[in-house]
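Accompanying notes for the structure given below.
In what follows, every heavy atom counts, from backbone to side chain, and hydrogens, waters and symmetry copies are set aside. Residue numbers begin at 1 in each chain, while the letters A, B, ... track the order of the sequences. The shown structure was predicted, so the numbers you read here are calculated from the model rather than taken from an experiment.
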There are 2 protein chains.
Amino acid sequence: MTEDARDEVDRLVAAWRAERPDLDVEPLQVLSRVSRLAKHLDRARRAAFAEHDLEPWEFDVLTALRRAGKPYELSPGALLRATLVTSGTMTNRIDRLAQAGLVRRRPDPEDRRGVLVSLTETGLARVDAAFADLLRRERELLSGLGGADQRALASLLRTLLAPFDSPL
Amino acid sequence: MTEDARDEVDRLVAAWRAERPDLDVEPLQVLSRVSRLAKHLDRARRAAFAEHDLEPWEFDVLTALRRAGKPYELSPGALLRATLVTSGTMTNRIDRLAQAGLVRRRPDPEDRRGVLVSLTETGLARVDAAFADLLRRERELLSGLGGADQRALASLLRTLLAPFDSPL
DNA sequence: GTGTACTGTCTTGACATCGAGATATCTCTC
DNA sequence: GAGAGATATCTCGATGTCAAGACAGTACAC
């Protein structure tokens with residue numbers, strides 16, 4: 001820490017050091033910042049989507065379908081794995097998206113337990129517009145870092161995420 | 001990207017490139033990982049706190065008080081600024097923490113609109129134990145990175161957070 | 001000191017989420 | 001081909017959060 005650009009987290013760490021000098025609070029330097037940045041990112045996302053009349057949760061589902069490529073169709077199970085929510089939540093989300101005319105539900109012809117969810121025309125247009133907007137904002141959020149730094153950051157984060165990806 | 005250790009996000013980015021080759025999706029390399037890591041971190045926190053019969057939201061409030069130092073007392077307003085929740089949420093949290101015997105409320109003698117919230121003995125003991133546990137788990141979560149890498153990561157994240165800290 | 005704007009806290013109603021469990025269907029083994 | 005266990009989806013109740021607004025008290029100018 002030869003840095004002296006103190007931010008909220010530096011202050012938080014300093015406060016802990018004063019109160020609990022017996023503990024090694026270094027992990028907070030990384031992980032508190034991850035949490036806080038995620039929170040700010042959530043706000044940026046919310047703002048970007050609001051302009052396209054989408055809630056973050058709607059966007060989550062729609063992008064999962066969009067990424068799947070034509071015919072933009074996935075099962076609820078695949079969607080909940082992609083979005084890391086519970087099945088009850090996904091049922092609820094699909095209900096409301098269908099009601100809003102952004103997705104369609106149909107029985108899976110191969111498995112009578114199953115259902116397939118697909119984007120409507122409207123849903124496709126909406127998600128594409130919102131995604132372009134989101135990227136614009138994310139790029140701006142990252143503008144404080146050069147390309148090399150961004151790649152370094154991505155690489156460090158990838159290392160931290162590795163243990164979660166395989167067993168999941 | 002000389003790395004070839006592909007993770008979930010690499011796959012996500014590849015999927016977007018296939019579907020939308022016209023868009024520059026590089027920002028996702030950093031920001032999707034931040035979101036995902038934050039989500040995993042939430043789970044780790046929840047697990048750590050569960051062993052001490054605390055919910056994450058309880059811990060948030062208790063640590064803010066703990067960090068303040070003796071007499072471990074803050075106003076609801078100070079608490080909501082420290083935890084980034086709304087005032088309605090904070091009222092609700094304090095209610096339940098008081099009911100659980102972890103904090104105490106008393107009128108602010110200096111300002112009759114105001115209230116002061118302080119840790120009880122039980123609250124203090126509980127938060128100290130949970131915090132030590134949390135640090136253990138966070139350290140483990142970071143064990144994939146050497147000390148220098150952790151500091152580099154912290155520094156890059158600090159740069160990204162800088163724009164949010166000042167105007168807040 | 002009186003009026004206006006501000007601050008601090010709490011109330012209320014709507015809402016998305018989770019977890020547990022219900023139901024139907026599939027799969028695999030014997 | 002029958003039964004056990006796994007899988008896919010949905011239902012339901014409880015909960016934590018937010019946003020907007022109510023209300024009491026303070027600060028400051030004139």
Remember a base hit wins even if backbone is also touched, and classify A/Gly88 as base, sugar-phosphate or nothing at under 4.0 Å, heavy atoms.
base

Contact class for B/Arg46 (heavy atom, under 4.0 Å): base, sugar-phosphate, or nothing?
nothing

Is any side-chain N of the basic residue among A/Arg158 and B/Asp10 closer than 4.0 Å to the acidic one's carboxylate O?
yes

Charged N-O contact under 4.0 Å between A/Arg137 and A/Glu51:
yes

To the nearest angstrom, how far is [X] atom [atom1] from [N] atom [atom2]?
X        : N      : atom1 : atom2 : value
B/Gln99  : D/dT15 : CD    : P     : 12 Å
A/Leu80  : C/dC18 : CG    : C1'   : 13 Å
B/Asp95  : C/dT11 : CG    : P     : 7 Å
A/Asn92  : C/dG19 : CG    : P     : 15 Å
B/Asp108 : D/dG25 : CG    : C1'   : 12 Å
A/Ile94  : C/dT17 : CD1   : P     : 12 Å
B/Asp42  : C/dT17 : CG    : P     : 14 Å
A/Glu55  : D/dT17 : CD    : P     : 18 Å

Just by modelled atom types, is the A/Ala38 backbone N or O under 3.5 Å from a matching donor or acceptor in the B/Ser35 side chain?
no

Taking the minimum atom-to-atom distance to the side chain of [X], which one of [options] wins?
X       : options                : value
A/Thr89 : C/dC18, D/dC10, C/dC10 : C/dC18
B/Arg81 : C/dT17, D/dC18, C/dG8  : C/dG8
A/Arg96 : D/dC10, C/dC10, C/dA16 : C/dA16

Would you mind reading off the bend of the helix from C/dG1-D/dC30 to C/dC30-D/dG1 from its two end axes, five pairs each, to 10 degrees?
20°

Does a nitrogen or oxygen in the side chain of B/Arg93 sit under 4.0 Å from OP1 or OP2 of D/dT15?
no

Ignoring backbone atoms, test whether A/Arg105 places a side-chain nitrogen or oxygen under 4.0 Å from the OP1 or OP2 oxygen of D/dC10.
yes

Distance check, rounded to the nearest 0.5 Å: B/Trp16 atom CH2 versus A/Thr63 atom OG1?
5.5 Å

To the nearest 0.5 Å, how far apart are CD in B/Glu110 and OG in B/Ser75?
12.5 Å

Who pairs with A/Asn92 by side chain to side chain contact (heavy atoms under 4.5 Å, CB included), at least two apart in sequence or on another chain?
A/Arg96

Do B/Phe59 and B/His52 have side chains that get closer than 4.5 Å, going by heavy atoms?
no

The criterion is salt bridge (charged side-chain N to carboxylate O under 4.0 Å, His left out); which residues satisfy it with [X], sequence neighbours excluded?
X        : answer
A/Glu140 : none
A/Glu58  : none
A/Arg45  : A/Asp60

Sort me out a list of protein N/O and nucleotides 21-25 of chain C N/O pairs below 3.5 Å, or just none if empty.
unit_1	atom_1	unit_2	atom_2	d
C/dT25	O2	A/Arg113	NH1	3.4

